[in-house]
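Comments concern the structure below.
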Amino acid sequence: MLNAPQTFATPTQRVLDWYGQAHRKLPWRAPPGQLAEPYRVWLSEIMLQQTNVATATPYYFNFLQKWPDVAALARAEPEAIMQAWAGLGYYSRARNLHACAQLICAEHGGEFPRREAQLLKLPGIGPYTAAAIAAMAFGASAVVVDGNIERIMTRMFALEAPLPKAKPEIRSHMASLTPARHAGDFAQALMDIGATLCAVKSPNCTACPLQADCLAAKAGNAATYPRRAEKVTRPHRQGHVYIAQKLDGSVLVQTNGPRGLFGGMTCLPHSGWATKDAQGQALPPLPLAWQELKGEVTHVFTHFSLSLTVHSGQAADMAAPNGMRWVGLAQLEFEALPSLMRKVLAKWRESQ
DNA sequence: TAAACGTGGGG
DNA sequence: TCCCCAAGTTT
């Protein structure tokens, strides 16, 4: 089977050919046909979990500059990592990133394990990321399945089972297509196709190298895949947040424990919003003459939306309550503040 | 298995 | 404005 004409090429070969000439150039990527550095693949893959390329890219450069390799990252202060991650969301990724770096240095001699099964054991590395690192950094013929590839497989094979039920079937199709060599390029090619051609809303089938292999393209209904289970309605929650300021300008903050929403991050004192019972109950951290700011701060999370009433109060030169601390106004920007808290502070400043 | 876990951009 | 959801993992 030498020199098979393009017309008779396999879908896999068509995708690899397309990648050679149409691939996106991304900072963590190796050129087609080459392997990328494990540290860069890992760092980018963690950042890209549920996160757009455009959003993750500046964070990737910042991390790489601060911590050029896994040993440097392992030595970093956890607070510095959380601060650098602030705004990216899903903060358990940052905590696991540090734990993973330390584990690699302590138990793997500072080198990433090459085998998928061993990668899978590391904190923050699940089935997708383990396969991606094994394929892109080590050349393994790993079966990489992310959201893009799920979308492409359900369209190519017109899979009617709704996600996540279709996942085993998707994986099986992807396994059949994955080449023995260049599996990393193949996966990245499919992700590029998913991002630029096989889009969620209006797929560009005529430009797709898989058009001839795609049942949904033939049927003209690609946009209806993947089928999805019914979405649950997002509950709404309420809470109160308190900005206490001393005469020297410093503001009262607290650092969250490692788990749960905003785990490991810096927050303004607040009433809590995690449970239905706790919502809306004002619970100031200090007995001050609190003033309520006009208008609420709203924020939408994946699993609930939130309205926050903002209170401001002038404090005398008093000690911070247990578990809290005063932070100078100029130092606030260097805290690991999630976007919600920055939003609250912005509203407060604009009310001053 | 299903829920928890952030955020910003696009239609 | 509102809804959807993006290179998932953990519990």
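Below, read A as the first sequence line, B as the second, and so on, with proteins coming before strands; counting in each chain starts at 1.
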Taking atom C1' in both B:dG9 and C:dT9, what distance in whole Å separates the two? 23 Å
Measuring only the C1' atom in each nucleotide, how far is B:dC5 from C:dA6? A whole number of Å is fine. 15 Å
Look at all strands and tell whether A:W42 reaches a base, only sugar-phosphate, or nothing, counting heavy atoms closer than 4.0 Å. nothing
Of the nucleotides B:dA4, C:dA7, B:dT7, which has the atom closest to the A:D146 side chain? C:dA7
Whole Å only: how far is the CD atom of A:Q188 from the P atom of C:dA6? 19 Å
Between B:dG6 and C:dC5, how far apart are the C1' atoms? Round to whole Å, please. 12 Å
Backbone N/O of A:A222 and side chain of A:R155: donor-acceptor pair under 3.5 Å: yes
What about A:R93, does its side chain sit under 3.5 Å from the base of C:dA6 through a donor-acceptor pair? no
When you measure from the side chain of A:T55 to the backbone N and O of A:T51, does any donor-acceptor pair fall under 3.5 Å? no
Side-chain atoms of A:K201 come closest, of B:dG6, C:dC4, C:dA7, to C:dC4
Of all the nucleotides listed (C:dA6, B:dG6, B:dA4), which has the minimum atom distance to the side chain of A:N52? C:dA6
More 5' along DNA chain B: A:V232 or A:T55, using each one's nearest nucleotide? A:V232
Give a yes or no on whether a salt bridge exists between A:K25 and A:D192, defined as a side-chain N under 4.0 angstrom from a carboxylate O. no
For A:G194, answer base if it contacts any base atom (sugar-phosphate contacts may also be present), sugar-phosphate if it contacts only those atoms, and nothing otherwise; contact means non-hydrogen atoms under 4.0 Å. nothing
When clusters are formed by joining ILVMFWY residues with side-chain heavy atoms under 4.5 Å apart, either directly or through shared neighbours, do A:V143 and A:L120 land in the same one? no
If I pick the C1' atom on B:dG8 and the same atom on C:dT10, what distance separates them, to the nearest angstrom? 24 Å
Distance in angstrom units between A:H299 NE2 and B:dG6 P, rounded: 9 Å
Whole-Å distance between C:dA6 P and A:F301 CZ? 20 Å
Which part of the nucleic acid, if any, lies within reach of A:L97 when heavy atoms closer than 4.0 Å are counted: base, sugar-phosphate only, or nothing? nothing
Just the rounded figure in Å: distance from P of B:dT7 to CZ of A:R234. 13 Å
Please report the distance, rounded to the nearest Å, between OH in A:Y91 and C1' in B:dG6. 6 Å
Report the distance from atom NZ of A:K165 to atom C1' of B:dA2, rounded to the nearest whole Å. 13 Å
What nucleotide among B:dG6, C:dA7, C:dA6 has an atom nearest to a side-chain atom of A:R29? C:dA7
Under a plain distance cut-off of 3.5 Å, with no hydrogens placed, do A:N96 and A:R93 share a side-chain donor-acceptor pair? no
In whole angstrom, what separates A:D192's CG from C:dA7's P? 10 Å
Heavy-atom donor-acceptor pair, A:S339 side-chain to B:dG6 base, under 3.5 Å: no
Short N-O contact, A:R29 and A:E37, less than 4.0 angstrom: no
Distance-only polar pair, side chains of A:S305 and A:H299, donor-acceptor under 3.5 Å: no
Look at the side chain of A:T51 against the base of B:dG6 and say whether a donor-acceptor pair falls under 3.5 Å; ignore hydrogens and angles. yes
Give every pair of a protein N or O atom and an N or O atom of nucleotides 9-11 of chain C that lie under 3.5 Å apart, one pair per line with the distance.
residue, atom, partner, partner atom, Å
C:dT9, OP1, A:G126, N, 2.7
C:dT9, OP1, A:G126, O, 3.2
C:dT9, OP1, A:T129, N, 3.0
C:dT9, OP1, A:T129, OG1, 2.8
C:dT9, OP2, A:P127, N, 3.4
C:dT9, OP2, A:Y128, N, 3.2
C:dT10, OP1, A:G124, N, 2.5

Is the backbone of A:V310 close enough, under 3.5 Å, to the side chain of A:K347 for a donor and an acceptor to pair up by distance? no
Of the listed nucleotides (C:dA7, B:dC5, C:dC5), which one gets closest to any side-chain atom of A:L48? C:dA7
In whole angstroms, how far is the C1' atom of B:dA4 from the CZ atom of A:F304? 10 Å
Regarding A:Q211 and A:T206, is there a side-chain donor-to-acceptor distance under 3.5 Å anywhere? no
Indicate, with a heavy-atom threshold strictly under 4.0 Å, whether A:P164 touches base, sugar-phosphate, or nothing. nothing
So what does A:G263 touch, heavy atoms closer than 4.0 Å: a base, only the sugar-phosphate, or nothing? nothing
Give a yes/no on whether any side-chain N or O of A:H303 is located under 4.0 angstrom from OP1 or OP2 of B:dC5. yes
Which is true for A:V200 with a 4.0 Å heavy-atom rule: it touches a base, it touches only sugar-phosphate, or it touches nothing? sugar-phosphate
